[in-house]
Amino acid sequence: DSGVTQTPKHLITATGQRVTLRCSPRSGDLSVYWYQQSLDQGLQFLIQYYNGEERAKGNILERFSAQQFPDLHSELNLSSLELGDSALYFCASSAAVGYEQYFGPGTRLTVT
Amino acid sequence: LAKTTQPISMDSYEGQEVNITCSHNNIATNDYITWYQQFPSQGPRFIIQGYKTKVTNEVASLFIPADRKSSTLSLPRVSLSDTAVYYCLVVLDSNYQLIWGAGTKLIIKP
């Protein structure tokens, strides 16, 4: 158990819909990262936050947005969903940028 | 522009030492090099991290030559349970960007 929690574990929704994925980092970690992993593909870095502020953006689509709240939990919002958005979405946390990342169990999103 | 390149797949046998190399051009002195292991349907797990020369922990060693254009993850005496995908990651100190490799699928045979 990494100490990072993600909810929900599974999510099935239809094209065009909007969903919110939630992540609670390990106690004491200030950095949160979001990743997308499609079936049998590598990790795609989406976005990183540090203590509530956006630190770095990766390949995040304009339909996707995220934020980190004062209690350090983070949410990833995915809107106007397409079939190609079906993937495992991982959240990770670390004490600071560049430090060891601890990954959550992921949320499996299926868009039908 | 920094980029990481690693082999798509590798095979080895139980008890052997396995070396996986990642090429990373255009990285700066303060950029971390980190390796992660991932099993199917699980989040990646940290293996080892370094800046330069050699780092060793209880599960692996990381070799980084002086020019820092590559790094090699060394797994001593692998077992079947080491079958996984291994990712190299460079974190750019200048702008916090995360440059992940595409992953190396390592298969260990009996």
Side-chain angles (χ1 to χ4, degrees), chain A residues 1-6 9-10 21 23-26 29-51 53-60 68 86-110, chain B residues 1-9 20 22 24 27-52 55 57-60 62 71 73 84-107:
Chain A
D1 182 3
S2 66
V4 177
T5 59
Q6 290 187 247
K9 286 187 92 167
H10 301 276
L21 312 184
C23 169
S24 292
R26 271 186 349 143
D29 283 356
L30 298 179
S31 280
V32 168
Y33 312 76
W34 285 99
Y35 294 92
Q36 179 193 56
Q37 188 170 42
S38 301
L39 191 62
D40 293 330
Q41 299 295 309
L43 285 166
Q44 291 294 319
F45 166 61
L46 297 178
I47 198 163
Q48 178 200 352
Y49 286 86
Y50 178 77
N51 204 20
E53 293 189 7
E54 183 185 302
R55 269 294 164 94
K57 258 186 177 178
N59 301 319
I60 188 166
Q68 185 180 27
S86 295
L88 254 177
Y89 290 83
F90 288 108
C91 167
S93 74
S94 68
V97 177
Y99 282 44
E100 173 180 351
Q101 293 180 46
Y102 293 85
F103 282 77
T107 292
R108 185 172 293 280
L109 174 67
T110 303
Chain B
L1 195 63
K3 182 181 175 183
T4 52
T5 304
Q6 50 184 129
I8 294 174
S9 64
I20 307 174
C22 177
H24 28 74
I27 69 169
T29 309
N30 293 336
D31 295 341
Y32 289 92
I33 299 160
T34 314
W35 285 81
Y36 287 81
Q37 176 193 55
Q38 187 180 29
F39 297 111
S41 297
Q42 293 183 25
R45 189 175 65 176
F46 172 88
I47 302 173
I48 198 165
Q49 182 179 69
Y51 276 110
K52 58 183 178 181
V55 179
N57 62 22
E58 62 276 10
V59 299
L62 177 60
S71 61
L73 172 71
V85 178
Y86 292 81
Y87 290 95
C88 132
L89 164 67
V90 172
V91 180
L92 304 184
D93 186 60
S94 60
N95 62 3
Y96 310 115
Q97 275 295 331
L98 280 67
I99 313 297
W100 287 85
T104 298
K105 187 169 186 175
L106 175 65
I107 297 175

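Worth saying up front: this structure is predicted, and the values here are computed from it rather than measured. Keep in mind that the numbers below use all heavy atoms, side chains included, and drop hydrogens, waters and symmetry copies. In what follows, every chain begins at residue 1, and chains take the letters A, B, ... in the order their sequences are listed.
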For this session: Mind ranking A:Y33, A:Y35, A:Y102 by heavy-atom pairs under 4.5 Å with chain B and telling me who comes out on top?
Result: A:Y35

Seminar exercise, completed: If one checks every heavy atom of B:L92 against chain A at 4.5 Å, the contacting part turns out to be neither

Problem set entry | Which atoms of A:L88 approach chain B - backbone, side chain, both or neither, heavy atom under 4.5 Å | side chain

For this session: Select one option (side chain, backbone, both, neither) describing which atoms of B:Y32 are under 4.5 Å from chain A's heavy atoms.
Result: side chain

For this session: Search all heavy atoms of A:L43 against all heavy atoms of B:W100 and return the closest pair with its distance.
Result: CD1-CZ3, 3.7 Å

Exercise. side-chain hydrogen bond (donor to acceptor under 3.5 Å, both in side chains) with B:T104: which residues, sequence neighbours excluded?
Worked result: B:Q6

Seminar exercise, completed: Smallest heavy-atom separation, A:Q41 atom then B:Y87 atom, equals O-OH, 3.8 Å

Exercise. Is chain B contacted by the side chain of A:E100, its backbone, both, or neither, given a heavy-atom distance below 4.5 Å?
Worked result: both

For this session: Could you tell me whether the side chain of B:Q42 and the main chain of A:P105 form a donor-acceptor pair under 3.5 Å?
Result: no

For this session: Look up atom CZ in B:F46 and atom OG in A:S94, then write down how far apart they are to the nearest 0.5 Å.
Result: 11.0 Å

For this session: Evaluate the side-chain proximity of B:Q38 to A:F103: yes if any heavy-atom separation is below 4.5 Å, no if none is.
Result: no

Exercise. Does any N or O in the side chain of B:Q49 come within less than 3.5 Å of the main-chain N or O of A:G98, such that one atom is a donor and the other an acceptor?
Worked result: yes

For this session: Heavy-atom distances under 4.5 Å only: say whether A:Q37 touches chain B with side chain, backbone, both or neither.
Result: side chain

Seminar exercise, completed: Result for side-chain contact (heavy atoms from CB on, under 4.5 Å) between B:Y96 and one of A:R55, A:K57, A:E54 points to A:R55

Seminar exercise, completed: Looking only at A:G58, A:G42, A:C91, most heavy-atom pairs under 4.5 Å shared with chain B are made by A:G42

For this session: Taking the side chain as every heavy atom from C-beta outward, state whether B:P44 and A:Q101 have any atom pair closer than 4.5 Å.
Result: no

Problem set entry | Atom CG of A:D40 with >12 non-hydrogen neighbours under 6.0 angstrom | no

Seminar exercise, completed: Greatest number of non-hydrogen atom pairs under 4.5 angstrom with chain A, of B:I99, B:L98, B:V85, falls to B:L98

